[in-house]
*Asks:* 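Before anything else, here's the structure in question.
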Amino acid sequence: MRPVLGIESSCDDTAAAVLAADGTILAEAVLSQADHAAFGGVVPEIAARAHLAHLPALVAGVMAQAGLGYGDLSAIAASSGPGLIGGLIVGSGFAKGAAIAHALPYIAVNHLEAHALTARLPVLGLNAEFPYLLLLVSGGHCQCIAVDGVGQHVRLGGTIDDAAGEAFDKVAKLLGLGWPGGPALENLAREGKPTAYRLPRPLLGRDGCDFSFSGLKTAVAQLAATFPPGALRRDVAADIAASFQQAVADVVADRAAHAMAMFTKTRAGARLLVAAGGVAANATLRAGLLAACDRAGFRFAAPPLKYCTDNAVMVAWTGIERLRLGQVDGLDTAPRPRWPLDEMRPMPGAA
Ligand code: KG4
Ligand code: ZN
C-alpha cells in the first residue's frame, strides 16, 4: 500500500496530511481560522469560504513537503461528516475531484471515527488495541464511545444539550475572556479557588453516561449577575472560573466512571480510556479522569494536544485503517452534517 492523503474541513480548521501506509507522518499542515474571534464563535459561511480559499495551497504544500505526486498515492480520504456542511462540501468535493483526476479511490471519513482511531496511530505509542473506550470532549462534541473496531462503534452516551467546550466558551465569554475561551478560562482559574462558589453538577451520579452543561452555564450567568454591573473584578472572575472548571471536571469524571462500568460489562478484559478533543487539554479535567481511571483499574491515554484537536493526520490514518480492510466509498457519497457513529455499523440482520 502506498501513502494516503487526508483532508479535514468539518469546522474551522483547514488541514491536510500525507501518511505512509505504516502511519508514518510524511507531511502535515493545519490552518486555524482566526477570522471567527470577532464573532465569538465559528461562523459557518466564513469557515466554508476560508476552506475554499486555503485548501488547494495547503494540499499542494503537504504533497510537496512529502515529495510525492498524486500518482504515488493509494487513496484520498476526507472528512465527510459530521460537521458544518459548507466546509464538508469543500473538503470532500476537493478530494473527489482529485480522486477522479488521478483515478484514485476516495474514502469518506467519519470525523468522529477519525478522532476515535487517532489513539491507534503507531507513532503516538499509545498502543490502543480494540476494544477501548473513547471520551470525546471538544467544542462540537461530547460523547462516550466504545471503539470495537474500524467502523464498529457504540455510542454509550453523550450530551443532551451543550458540548463541554461550548460550555467553556460560553462561560469564558460571560467572564469577558476571548474566544476560544477554554484555554483562557483555564489560565484565569489558576488564580481562583475551585471551592469559592457551589455550582450545580448536572447528572452527577445518574445512571448512564449522558452529559448536560446548559444548567451549569445558566447557574454561572445567574451568579455573575449578582455582582455589580460592568466588568467583574479579576479575583471574582477567577473564583467563578475555578469553580466552574471544577464542576465540569467532577461531572466528566463521574460520567466517564459510569461509561467505564458500562463498557466493561460487555467487554471483559478491555481496560483503556482514551480522551480526545480540545477540552481534553484541560489539566483539572485530566486529573479527574486519571483518578477515575485509577479507581476503575483503567489505563488512561490521551494523544498529544495537536492530535487531540482537529487535524488531517487522523483523517489520513482512518483512510489507511479503512483501506487495509478494503473499505472505499463511491464518488456519489454525500457529506453529512449529522452522521452518528453508530450508523457506521450495519444493524444485525440488516442487508
Ligand atoms: O477539538 P477542538 O479543537 O475543536 C472542535 O470543537 O472540534 O476543541 C475546541 C474546544 C473549544 O471549545 C475550546 O474552548 C476547548 O476545546 N478547549 C479547552 C481547552 N483548550 C481548548 N477547554 C478547556 N480547557 C482547555 N485548556
Ligand atoms: Zn473534531
Side-chain angles (χ1 to χ4, degrees), residues 6-15 30-34 36-37 39-42 44 47 51 78-84 87-88 91 109-119 134-143 145 158-159 162-175 177-190 192 194 211 213 216-217 220 241-242 244-252 274-289 302-315 317-318 337-339 341:
I7 291 173
E8 164 57 38
S9 61
S10 67
C11 190
D12 59 336
D13 295 306
T14 316
V30 181
L31 197 81
S32 294
Q33 301 172 2
H36 305 283
F39 301 93
V42 177
H51 290 306
S79 277
S80 184
L84 301 173
L88 292 171
V109 169
N110 180 305
H111 177 89
L112 300 175
E113 173 162 56
H115 276 298
L117 298 183
T118 303
L134 176 81
L135 171 70
L136 181 57
V137 275
S138 72
H141 309 287
C142 182
Q143 40 189 284
I145 299 157
T159 186
D162 293 349
E166 215 176 331
F168 267 97
D169 291 337
K170 286 176 180 167
V171 168
K173 197 170 179 179
L174 204 87
L175 298 178
L177 307 171
W179 180 88
L185 192 145
E186 181 172 24
N187 270 336
L188 181 63
R190 280 187 243 279
F211 300 78
F213 293 106
L216 174 58
K217 181 191 65 191
V220 173
F244 163 78
Q245 179 173 261
Q246 192 60 55
V248 174
D250 288 354
V251 166
V252 170
V274 173
V279 185
N282 188 281
T284 306
L285 195 109
R286 276 187 188 230
L289 285 174
L305 186 59
K306 69 185 276 207
Y307 300 122
C308 259
T309 57
D310 288 350
N311 64 86
V313 168
M314 67 181 189
V315 179
W317 173 245
T318 303
R338 283 182 48 76
W339 186 4
L341 266 178

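Whatever order the structure lists ligands and atoms in, that order sets their numbers, starting from 1. All figures in this text were calculated on a predicted structure; none of them were measured in a lab.
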*Asks:* Please name the atom of D310, restricted to N, O or S, that is closest to the Zn ion (ligand 2).
*Replies:*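 Checking each N, O and S atom of D310, the shortest distance to the Zn ion (ligand 2) belongs to OD1.
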*Asks:* As an exercise, state the distance from CG of L135 to CZ of F211, rounded to the nearest 0.5 Å.
*Replies:*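 Going from CG on L135 over to CZ on F211, the span is 5.0 Å.
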*Asks:* So, regarding F168 and ligand 1 (criterion: nitrogen or oxygen to nitrogen or oxygen, under 3.5 Å), is there a contact or not?
*Replies:*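 No.
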*Asks:* Could you tell me whether T309 and ligand 1 have an N or O pair separated by under 3.5 Å?
*Replies:*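 No, since none of the N or O atoms of T309 sits under 3.5 Å from an N or O of ligand 1.
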*Asks:* Heavy atoms only: which of P180, A249, G278, G165 is nearest to atom 17 (N) of ligand 1?
*Replies:*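 It is G278 that holds the nearest heavy atom.
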*Asks:* Do any N/O/S atoms of H141 come under 2.8 Å of the Zn ion (ligand 2)?
*Replies:*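 For H141, the answer is no, given that no N, O or S atom comes within less than 2.8 Å of the Zn ion (ligand 2).
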*Asks:* Should V220 and L174 count as side-chain neighbours, where that means a heavy-atom distance under 4.5 Å?
*Replies:*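 Answer yes - side chains close enough.
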*Asks:* Starting at CG of L136, measure out to OG1 of T159 and round the result to the nearest 0.5 Å.
*Replies:*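 Between L136 CG and T159 OG1, I get 12.0 Å after rounding to 0.5 Å.
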*Asks:* For atom 4 (O) of ligand 1, which protein heavy atom lies nearest, and how many Å away is it?
*Replies:*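 Minimum-distance protein heavy atom for atom 4 (O) of ligand 1 reads D310 OD2, 4.1 Å.
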*Asks:* For the atom pair OG1 (T14) and CG (D310), what is the distance rounded to the nearest 0.5 Å?
*Replies:*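 The distance works out to 10.5 Å.
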*Asks:* Going by the order shown, which atoms of ligand 1 are within less than 4.0 Å of some heavy atom of G140?
*Replies:*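 By the 4.0 Å cutoff, the relevant atoms are 6 (O).
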*Asks:* Record the part of D169 in heavy-atom contact with ligand 1 below 4.0 Å; permitted values are side chain, backbone, both and neither.
*Replies:*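 D169 to ligand 1: side-chain contact only, backbone stays beyond 4.0 Å.
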*Asks:* Hey, what do you get for OG1 (T318) to CD (E113), rounding to the nearest 0.5 Å?
*Replies:*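 Rounded to the nearest 0.5 Å, the OG1-CD separation comes to 5.5 Å.
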*Asks:* From the N, O or S atoms in H115, identify the one nearest to the Zn ion (ligand 2).
*Replies:*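 Relative to the Zn ion (ligand 2), the closest nitrogen, oxygen or sulfur of H115 carries the name NE2.
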*Asks:* Tell me which one of S10, S80, P82 satisfies side chain to side chain contact (heavy atoms under 4.5 Å, CB included) with N110.
*Replies:*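 Output: one option passes, namely P82.
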*Asks:* When only distance counts, is H111 in polar contact with ligand 1, meaning an N/O pair under 3.5 Å?
*Replies:*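 So ligand 1 has no N or O lying under 3.5 Å from an N or O of H111.
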*Asks:* Quick check: does N282 get an N/O under 3.5 Å from an N/O on ligand 1?
*Replies:*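 Checking ligand 1 against N282, an N or O pair does fall under 3.5 Å apart.
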*Asks:* Taking atom CG of L112 and atom CE of M314, what is their separation to the nearest 0.5 Å?
*Replies:*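 Output value for this atom pair is 8.5 Å.
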*Asks:* Quick check: does C11 put an N/O/S atom under 2.8 Å from the Zn ion (ligand 2)?
*Replies:*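 Under 2.8 Å: C11 has no N, O or S contact with the Zn ion (ligand 2).
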*Asks:* Is the distance between the ring centroids of F168 and F213 under 6.0 Å?
*Replies:*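 No, the ring centres sit 6.0 Å or more apart.
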*Asks:* Do any nitrogen or oxygen atoms of C308 lie less than 3.5 angstrom from nitrogen or oxygen atoms of ligand 1?
*Replies:*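 No, no N or O pair falls under 3.5 Å.
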*Asks:* For the side chain to side chain contact (heavy atoms under 4.5 Å, CB included) test, which of H115, E8, H111 pairs with V315?
*Replies:*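 Result for side chain to side chain contact (heavy atoms under 4.5 Å, CB included) with V315: E8.
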*Asks:* Out of G277, A189, G139, who gets a non-hydrogen atom closest to atom 6 (O) of ligand 1?
*Replies:*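 Going through G277, A189, G139 one by one, G139 has the nearest heavy atom to atom 6 (O) of ligand 1.
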*Asks:* Using every non-hydrogen atom in the two residues, find where C11 and H51 come nearest and quote the distance to one decimal.
*Replies:*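 C11 and H51 have their closest heavy atoms at O-NE2, 2.8 Å.
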*Asks:* Can you name the N/O/S atom of H111 that is nearest the Zn ion (ligand 2)?
*Replies:*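 Among the N, O or S atoms of H111, the one closest to the Zn ion (ligand 2) is NE2.
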*Asks:* So which protein heavy atom does atom 18 (C) of ligand 1 come closest to, and at what separation?
*Replies:*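 Checking every protein heavy atom, the shortest distance to atom 18 (C) of ligand 1 gives G182 CA, 3.5 Å.
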*Asks:* Are any of the N/O atoms in D13 less than 3.5 Å from those in ligand 1?
*Replies:*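 Such a contact does not occur with ligand 1.
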